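Predicted, not measured: the structure shown is a model, and the values here were computed from it.
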Amino acid sequence: MHFAAKVSLGLLLLAAGAQAATQKPAQRPLALGGAEAARYENCLRTTASDPLQAHEIARTWAEQGGGLAARHCAAVAMIRYGRPDYAAPDLEALAHEAAARRADLAPDLYAQAAQAWLLARDPNRALSLQTEALKRRPRDADFLIDRAMIRLDLKQPWEAVDDLNLALEVAPRRSEALVFRAAAYRQIGTADLAEEDIARALTLRPDAPDALAERGAVKAMKGDKPGARTDWLRVLALAPESAAGDQARAGLEQIDVKKP
């Protein structure tokens, strides 16, 4: 295998999710109303500052009849604490319950459960649940991008391309969809198509770290080590602590390894 093909997609896929949002998909609030909406929002805010305290708050609330809102907050707390393996089964159970009782919430819960399982390193289960989300909302660009992420993790690049093609049909200016499609094309081995998508992504978001990191990987795949190094060093200057920064560091380590 060419060394560039080994640059980890997982570094890019798992650390940030597909959307360019401040919260991972599995951590976003549900559209829950009612008298206890403020309590739910406060619980979710606490997950960011003190996830263990938030989990305890949510557990106590659930014992008091907090229902879906309390249990969702508890799951988010576990994800923020770094234990998606604890959160994923709970989110999956919530999704199945919502499918029977709150159909309006079921698509988002299935998608969040899928992301939690992906973070917990069970992409096959994640794929099944993401597909359930798409059955209920088949032209949701976020859901399509998320399923493409999972398919890339499973080394199913052609299926990922299919999802990303539809996502870009629905939302043609989603630059992250172009970056992920470029990653899929790179996995397939079609560097020219990957380059086209990266160029489009950088037109939409100049100097975007994720696009630069992927461009570096494509250049490395083509044997352009100096060009790859330039892109990856630029990523580290722009966003050293990001998922793209992790991808850039991994790439630099590979091209700097001296063969005996």
Side-chain angles (χ1 to χ4, degrees), residues 4-25 115 118 130 139-153 155-252 254-255:
K6 298 178 184 177
V7 175
S8 174
L9 285 166
L11 291 171
L12 183 61
L13 302 181
L14 297 180
Q19 292 89 340
T22 58
Q23 291 177 307
K24 297 184 180 80
Q115 288 294 307
L118 184 60
Q130 192 68 31
R139 289 179 64 82
D140 186 297
D142 289 338
F143 289 180
L144 288 161
I145 293 169
D146 287 347
R147 189 168 70 177
M149 280 173 42
I150 298 166
R151 285 176 158 166
L152 283 171
D153 202 57
K155 302 297 187 290
Q156 298 175 1
W158 286 114
E159 291 86 350
V161 168
D162 287 341
D163 279 342
L164 293 164
N165 286 344
L166 182 53
L168 287 163
E169 178 184 314
V170 173
R173 295 185 64 82
R174 291 292 293 271
S175 62
E176 69 272 30
L178 292 165
V179 173
F180 281 111
R181 194 168 68 178
Y185 284 139
R186 177 166 61 85
Q187 200 175 97
I188 292 164
T190 53
D192 291 345
L193 291 174
E195 284 181 317
E196 290 178 12
D197 276 351
I198 291 299
R200 286 178 59 194
L202 286 168
T203 298
L204 292 168
R205 285 191 298 138
D207 255 359
D210 59 340
L212 290 171
E214 184 56 38
R215 190 173 70 178
V218 174
K219 287 178 178 178
M221 177 183 175
K222 296 181 72 174
D224 180 9
K225 290 186 180 182
R229 181 177 282 104
T230 297
D231 278 341
W232 286 332
L233 289 174
R234 180 62 178 156
V235 171
L236 293 178
L238 290 168
E241 302 306 318
S242 67
D246 289 341
Q247 187 185 18
R249 272 186 289 273
L252 287 167
Q254 287 190 16
I255 64 175

Gap separating the [atom1] atom of [X] from the [atom2] atom of [Y], nearest 0.5 angstrom:
X	Y	atom1	atom2	value
Ile145	Asp140	CD1	CG	9.0 Å
Asp231	Arg234	CG	CZ	10.0 Å
Asp210	Arg215	CG	CZ	12.0 Å
Asp224	Thr230	CG	OG1	8.0 Å
Tyr185	Phe180	OH	CZ	15.5 Å
Leu144	Arg139	CG	CZ	8.5 Å

Within-4.5 Å side-chain heavy-atom neighbours: [X] and [Y]:
X	Y	value
Asp142	Arg174	yes
Leu164	Asp197	no
Lys219	Arg229	no
Leu252	Leu236	yes
Val218	Glu214	yes

message: side-chain contact (heavy atoms from CB on, under 4.5 Å) for Val161 and Ile188? Distances and angles first, verdict last.
response: CA-CA 10 Å; Val161 168; Ile188 292 164; 4.2 Å; yes

- prompt: Checking salt bridge (charged side-chain N to carboxylate O under 4.0 Å, His left out) against Glu195, which of Arg186, Arg181, Lys222 comes through?
  reply: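 Only one option passes, and that is Lys222.
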
task: Look at Arg205 together with Glu176 and state whether they make a salt bridge at an N to O cut-off of under 4.0 Å.
output: no

Pair Asp246 + Arg249: basic N to acidic O under 4.0 Å: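 The answer is yes: the pair qualifies as a salt bridge.
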
Might you point out which heavy atoms bring [X] and [Y] nearest each other, and give the distance in Å?
X	Y	value
Leu202	Ala208	CD2-N, 3.9 Å
Met221	Gly189	CE-CA, 3.2 Å
Pro172	Leu204	O-CD1, 4.5 Å
Ala148	Asp163	N-OD2, 3.8 Å
Ala141	Val170	CB-CG1, 4.4 Å
Pro157	Ala184	CB-O, 3.6 Å

